2 protein chains.
Amino acid sequence: MATGRTHRPATRSRGIPEATVARLPLYLRALTALSERSVPTVSSEELATAAGVNSAKLRKDFSYLGSYGTRGVGYDVEYLVYQISRELGLTQDWPVVIVGIGNLGAALANYGGFASRGFRVAALIDADPTMAGKPVAGIPVQHTDELEKIITDNGVSIGVIATPAGAAQQVCDRLVAAGITSILNFAPTVLTVPDGVDVRKVDLSIELQILAFHEQRKAGEEVTAPEEAAGAVPPPPVPHRAPSGGPGADSGRQGPDGDVPAVMPA
Amino acid sequence: MATGRTHRPATRSRGIPEATVARLPLYLRALTALSERSVPTVSSEELATAAGVNSAKLRKDFSYLGSYGTRGVGYDVEYLVYQISRELGLTQDWPVVIVGIGNLGAALANYGGFASRGFRVAALIDADPTMAGKPVAGIPVQHTDELEKIITDNGVSIGVIATPAGAAQQVCDRLVAAGITSILNFAPTVLTVPDGVDVRKVDLSIELQILAFHEQRKAGEEVTAPEEAAGAVPPPPVPHRAPSGGPGADSGRQGPDGDVPAVMPA
DNA sequence: CATTGTGAAGCGGTTCACAGCT
DNA sequence: AGCTGTGAACCGCTTCACAATG
């Protein structure tokens, strides 16, 4: 997901599979580490291990970029670092804006990983007027009113949304209207964007829920895998269809704070 | 990735596809919102739109859980909320520990999305002795020395790693040794864990790099898709194989801070 | 008769296994 | 001899399209 629509059948170009693109940063990281240790070459096997994938996949991935290896030898580390950087577009630097400077926004602003990989935090934006001017990670926070101007003036095309869920779509609309075409969304909401705009989403609570699912399975299997494991689970609300009373136990969970105003205050 | 090995062919059970599991939290969120607005039923079409997927996929997903809908009508919201919660294991509460209370760790500790979905922050752990006792999000930070005891005493099975990259594997090993079987990793490193332990990874800089890749493509196409777009890119280091000098321009990028000590101080 | 539930086809990605180079 | 590059088999997920059904 997160990619455009039917995507241009244009240029019929060498289309790199999305799954491969998603792994390139991983390879790049492993290669950078090798580069720092002045390792001149790596085999697909070694690099794959360092990146946490299997070697067949790695070789296939690299084959989409071109033939950058040497049979019988391996890959030249420096050369590969350069090729992957270029492929990912990291040889130029990308100004990004972060909107929503709460706990998470501040954490992102301080994140060293941005600066080191061709990304530059061009501005921090928050709706709270009392935050305006306050420096976070050495960068003064600006008020939302300036959003459009900031984006235009700095030629920003990548935006990070770290606002509460309720504000995310609105912020997103403004970012897009101002010319942003790539968005990294930390707010727990589905963003609607026009075609041509990419959205990637990072959702803390979803990741935890996925872990909980597997965790539950493990717990269940320990005990010879009965149907209801611990047995602490309330009785199924109704055999089928339950429009009557309520959903068995406590479907409402504690606190009607719904989707949670996310991490940061505003 | 992140799931076990060949995975037990055991119980031949109703195996829910991993892709489906990853979407259940999305459905749950949309359903919770409907529930709060007291909407009694939804069609697959409506719910799919709210969750940002297509309806065929949603119906197929639900079909793995059982036949919880009513033909000609749709799905009972409350009932579905309950079923999905139960499937995800959210009807019980999961104590989690967060290790590494820097900017990001603090942001996570303050994240409301945890508490509202059956997750409870059982403890905050940091290696910095001066942080010990200091409350973050109302919870006193404890020193790493206590790690094992905390996990055992609270029966914690899910751990969140928000330490610098350099400390992650070590922390991971201790968590696993102490009994943790699910890990959410925010540190930019590949974690090695024994079979049976699930790891999910959230990597800020990787997401940005993926966006940059697509962004670069867009920029290139605007201008009739020339080979080097902006032209600001340095000349290709060498036609093929480059063991000689260095990798053209600046493969080392600015600052040898390598993989970045992540977000938080320690 | 609107809407679910699902076989079957389609598609993208992974893995295999080996031919091709150095 | 060793390791890359890749066609082909395989596998899981998505999409289609329609039969089943309250």
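Computed over heavy atoms, backbone and side chain alike; hydrogens, waters and symmetry mates excluded. Everything numeric in this text was worked out from a predicted model, so none of it was measured. Residue numbering restarts at 1 for every chain, and letters A, B, ... go by the order of the sequence lines.
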(request) Give the nucleotide from the list dT6(C), dA8(D), dG5(D) with an atom nearest to the side chain of Ser67(A). (result) dG5(D)
(request) Answer yes or no: is there a side-chain heavy-atom contact under 4.5 Å between Leu204(A) and Leu108(B)? (result) yes
(request) Return the nearest nucleotide to the side chain of Ser63(B); candidates are dT6(C), dT6(D), dC13(D). (result) dT6(C)
(request) For DNA chain D, find the residues of residues 42-54 of chain A with a heavy-atom distance under 4.0 Å and give them by number; none if there aren't any. (result) Ser43(A), Ser44(A)
(message) Is it the case that the side chains of Thr189(B) and Gln169(B) hold a donor-acceptor pair, with the cut-off being a distance below 3.5 Å and no angle test?
(response) no
Mind listing the N/O atom pairs, protein and nucleotides 17-21 of chain C, below 3.5 Å?
{"residue": "dG20(C)", "atom": "N3", "partner": "Arg71(A)", "partner atom": "NH1", "Å": "3.1"}
{"residue": "dC21(C)", "atom": "O4'", "partner": "Arg71(A)", "partner atom": "NE", "Å": "3.3"}

(request) Taking the side chain as every heavy atom from C-beta outward, state whether Ile161(A) and Leu175(A) have any atom pair closer than 4.5 Å. (result) yes
(message) One pair to check against salt bridge (charged side-chain N to carboxylate O under 4.0 Å, His left out): Glu87(B) and Arg217(A). What are the steps and the verdict?
(response) CA-CA 10 Å; Glu87(B) 198 64 59; Arg217(A) 288 271 159 134; 3.5 Å; yes
(request) In whole angstrom, give the distance that lies between atom NZ of Lys60(A) and atom C1' of dG7(D). (result) 7 Å
(request) Not counting sequence neighbours, list each pair that qualifies as a ring-ring contact (aromatic ring centres under 6.0 Å, His included) and has a residue in residues 15-63 of chain A. (result) Tyr27(A)-Phe62(A), Phe62(A)-Tyr75(A)
(message) Once you apply a heavy-atom cut-off of 4.0 Å, does Tyr75(B) come out as touching a base, just sugar-phosphate, or nothing?
(response) sugar-phosphate
(request) For this output row, return yes or no: ring centroids of Tyr79(A) and Tyr82(A) closer than 6.0 angstrom. (result) no
(request) Using modelled atom types only, decide if a donor and an acceptor are shared between the side chain of Thr70(B) and the backbone of Val73(B) within a distance under 3.5 Å. (result) no
(request) Assess whether side-chain contact (heavy atoms from CB on, under 4.5 Å) is satisfied between Leu65(B) and Ile16(B), documenting all intermediate values. (result) CA-CA 8 Å; Leu65(B) 309 185; Ile16(B) 299 179; 3.5 Å; yes
(message) In whole Å, I'd like the distance from the CZ atom of Arg23(A) to the P atom of dG12(C).
(response) 15 Å
(request) Report the distance from atom NZ of Lys57(A) to atom P of dG7(D), rounded to the nearest whole Å. (result) 20 Å
